[in-house]
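The block underneath contains the structure these notes are about, expressed in structure tokens.
Whatever order the structure lists ligands and atoms in, that order sets their numbers, starting from 1.
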Amino acid sequence: MKKIILLGYMGCGKSTIAKKLSKSIQVPFVDLDEMIEKKLNLSVNAIFEKHGEIYFRKIEHEVFVDLMQSTEEMIIGLGGGTPCYANNHEFFNGENVFSIYLKASIETLFQRLHQNKSKRPLIASKNEEEMREFIAKHLFDRSFYYNQAQYKVVVDEKSIEQTVVEIIALLA
Ligand SMILES: Nc1ncnc2c1ncn2[C@@H]1O[C@H](COP(=O)(O)OP(=O)(O)O)[C@@H](O)[C@H]1O
Ligand SMILES: O=C(O)C1=C[C@@H](OP(=O)(O)O)[C@@H](O)[C@H](O)C1
Ligand SMILES: [Mg+2]
């Protein structure tokens, strides 16, 4: 059964869009961060703090592989870093997989993230200036992996509903 994978930088809307898309097309969704949190019974912040990022990446890979090996049809909202570690991006072109990069500009990401950073350990302690610079460099580094997706949807200036409609058109 098919898997719809939403990927892209922190704040591009993966979790939000996965939920809305799920309602619209009646396909169940899972959020990879939520799965990791449930598996370890710890928040993403607590995992980074107690065990470090490398451990988080290991668990993230395990949970992602398990989902991809299941036969269930589902929408998966990845974490922003998922495509960039452990060759996770190699799943993006598999059979019955629709991988979609939700592409947002640095400015859109900054606007969405600067008031919403506390649950994101990579940016939680940064001030506005540091954050703008971090997003710019980090997005540049990660773009190679994001561009491995089969489809790209630009999300700047679009409502949640508009993005969902665009994704549905791609899937048709
Ligand atoms: N048009 C939009 N599409 C998606 N998210 C939006 C939009 N406008 C504002 N937001 C907000 O941006 C944030 C996106 O966060 P989230 O869905 O957690 O992204 P991600 O999972 O990619 O990090 C949410 O707070 C959401 O309400
Ligand atoms: O970009 C990243 O490396 C991360 C993104 C987060 O997910 P969101 O993109 O859903 O915020 C979460 O997995 C963790 O904080 C690390
Ligand atoms: Mg998310």
Side-chain angles (χ1 to χ4, degrees), residues 4-24 29-40 42-65 67 74-89 99-126 130-149 151-168:
I4 300 168
I5 300 176
L6 302 184
L7 61 123
Y9 200 78
M10 289 179 273
C12 71
K14 303 175 293 293
S15 303
T16 307
I17 301 291
K19 211 175 287 176
K20 288 279 180 181
L21 180 65
S22 166
K23 269 202 191 132
S24 291
F29 86 95
V30 292
D31 188 86
L32 197 64
D33 284 333
E34 279 178 20
M35 297 275 301
I36 297 166
E37 290 179 329
K38 267 188 213 146
K39 179 171 170 144
L40 300 185
L42 285 173
S43 67
V44 170
N45 268 336
I47 302 167
F48 270 67
E49 211 171 291
K50 286 192 178 179
H51 301 287
E53 182 175 353
I54 293 170
Y55 180 75
F56 174 84
R57 297 302 173 193
K58 179 174 169 279
I59 303 296
E60 178 180 52
H61 177 63
E62 286 171 9
V63 173
F64 184 46
V65 170
L67 287 175
M74 66 179 93
I75 299 165
I76 308 173
L78 298 185
T82 316
C84 317
Y85 295 88
N87 292 328
N88 291 328
H89 69 281
S99 51
I100 304 168
Y101 171 23
L102 302 182
K103 187 171 183 184
S105 67
I106 296 163
E107 193 50 36
T108 299
L109 295 169
F110 176 77
Q111 291 305 334
R112 290 192 193 164
L113 288 171
H114 86 280
Q115 285 170 330
N116 212 331
K117 60 182 185 179
S118 64
K119 289 185 182 157
R120 294 180 167 97
L122 296 177
I123 54 171
S125 64
K126 301 201 184 306
E130 290 167 337
M131 199 152 95
R132 214 183 268 277
E133 188 169 329
F134 179 81
I135 293 170
K137 285 188 180 157
H138 206 206
L139 180 62
F140 180 81
D141 289 342
R142 287 180 162 187
S143 291
F144 169 80
Y145 295 97
Y146 297 159
N147 284 318
Q148 305 301 313
Y151 303 100
K152 198 182 296 180
V153 170
V154 174
V155 300
D156 301 313
E157 324 286 340
K158 284 179 194 150
S159 67
I160 295 168
E161 291 71 22
Q162 281 172 313
T163 300
V164 167
V165 165
E166 215 171 296
I167 292 173
I168 292 171

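Across Asn45 and Pro121, no two heavy atoms sit closer than the pair OD1-CD, 3.3 Å. Closest approach of Tyr145 and Pro83 over heavy atoms only: CD2-O, 3.3 Å. For Met131 against Leu113, the heavy-atom pair with the smallest separation is CE-C, 3.6 Å. In plain terms, the two heavy atoms of Val155 and Ala104 that are nearest each other are CG2-CB, 3.6 Å. Contact detail for Ala149 and Leu7: the closest heavy-atom pair is CB-CD2, 3.8 Å.
Distances from ligand 2 to the non-hydrogen atoms of Arg57 include at least one value under 4.0 Å. Under a 4.0 angstrom heavy-atom cut-off, Ile160 registers as being in contact with ligand 1. Residue-ligand proximity: Cys12 is placed with a non-hydrogen atom under 4.0 Å from ligand 1.
In this structure the side chain of Leu78 reaches within 4.5 angstrom of the side chain of Phe64, judged on heavy atoms. Side-chain contact between Ile106 and Tyr9 is absent, with no heavy-atom pair separated by less than 4.5 Å. The side-chain heavy atoms of Lys152 and Asn147, taken from C-beta on, include a pair separated by under 4.5 Å. For the pair Leu6 and Ile167, the minimum side-chain heavy-atom distance is below 4.5 Å.
Protein heavy atom nearest atom 15 (O) of ligand 2, with residue, atom name and distance: Pro121 CD, 3.5 Å. Shortest contact from atom 14 (C) of ligand 2 to any protein heavy atom: Val44 CG1, 3.8 Å. For atom 11 (O) of ligand 2, the closest non-hydrogen atom on the protein side is Arg120 NE, 2.8 Å. The shortest contact between atom 2 (C) of ligand 2 and any protein heavy atom is with Gly81 N, 3.3 Å. When hydrogens are left out, the protein atom nearest atom 10 (O) of ligand 2 is Asp33 OD2, 3.5 Å; that is the closest non-hydrogen contact. Of all protein heavy atoms, the one lying nearest to atom 21 (O) of ligand 1 is Ser15 OG, 2.8 Å.
The environment of CD in Glu161 is crowded: more than 12 heavy-atom neighbours from other residues, nucleotides or ligands sit within 6.0 Å. Remark: Lys158 NZ is packed, more than 12 non-hydrogen atoms of other residues, nucleotides or ligands lying under 6.0 Å away. Remark: Glu53 CD is packed, more than 12 non-hydrogen atoms of other residues, nucleotides or ligands lying under 6.0 Å away.
With a heavy-atom cut-off of 4.0 Å, Arg142 touches ligand 2 through its side chain alone. Counting heavy atoms closer than 4.0 Å to ligand 1, residue Arg112 contributes side-chain atoms (C-beta onward) but none from N, CA, C or O. For Leu122, every heavy-atom contact with ligand 2 shorter than 4.0 Å involves the side chain, none the backbone. The proximity of Asn116 to ligand 1, defined as any non-hydrogen pair under 4.0 Å, is limited to the side chain. At a heavy-atom distance under 4.0 Å, no atom of Glu37 approaches ligand 2.
For Tyr9, no nitrogen or oxygen atom sits less than 3.5 Å from a nitrogen or oxygen atom of ligand 2, counting backbone and side chain alike. Any N or O atom pair closer than 3.5 Å counts here, and Gly11 shares no such pair with ligand 2. No N or O atom of Ile17 sits closer than 3.5 Å to an N or O atom of ligand 1. Checked against a 3.5 angstrom limit, the closest N/O atoms of Gly11 and ligand 1 fall inside it.
Taking every heavy atom of Ser159 and a limit of under 4.0 angstrom, the matching atoms of ligand 1 come to 1 (N). Listed by number with element, the atoms of ligand 1 under 4.0 angstrom from any heavy atom of Lys158 are 1 (N), 2 (C). Within ligand 2, counting atoms from 1 as listed, the ones closer than 4.0 Å to a heavy atom of Lys14 are 8 (P), 9 (O), 10 (O). Applying the 4.0 Å criterion to heavy atoms of Tyr9 picks out, from ligand 1, the atoms 22 (O). Residue Met10 has at least one heavy-atom neighbour below 4.0 Å for each of these atoms of ligand 1: 23 (O). Close approach to Arg120 involves these atoms of ligand 1, each under 4.0 Å from a residue heavy atom: 15 (O), 16 (P), 18 (O), 19 (O), 20 (P), 23 (O). In the vicinity of Phe56, heavy-atom distances shorter than 4.0 Å reach the ligand 2 atoms 13 (O).
His138 and Phe134 have tilted rings, their planes meeting at an angle from 30° to 60° on a 0 to 90° scale. Using bins of under 30°, 30° to 60° and over 60° for the plane-to-plane angle, the ring pair Phe144/His89 lands in the perpendicular bin. By the 30° and 60° cut-offs, the orientation of the rings of Tyr101 relative to Tyr146 is tilted.
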Inset, instruction - Evaluate side chain to side chain contact (heavy atoms under 4.5 Å, CB included) for Leu109 paired with Met10, printing each intermediate quantity in order. - result: CA-CA 7 Å; Leu109 295 169; Met10 289 179 273; over 6 Å; no
Inset, instruction - Any chance you could lay out the side chain to side chain contact (heavy atoms under 4.5 Å, CB included) test for Ile47 and Leu40, step after step, and finish with the verdict? - result: CA-CA 8 Å; Ile47 302 167; Leu40 300 185; 3.7 Å; yes
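Protein N/O/S atoms closer than 2.8 Å to the Mg ion (ligand 3), listed by chain and residue number, are Ser15 OG.
Nearest to atom 24 (C) of ligand 1 by heavy atom, out of Thr16, Leu78, Leu109, Asp156, is Thr16.
Residue pairs meeting the side-chain hydrogen bond (donor to acceptor under 3.5 Å, both in side chains) criterion with at least one partner in residues 116-126, sequence neighbours excluded, are absent.
Atom NZ of Lys19 sits about 10.0 Å away from atom CD1 of Ile160, to the nearest 0.5 Å.
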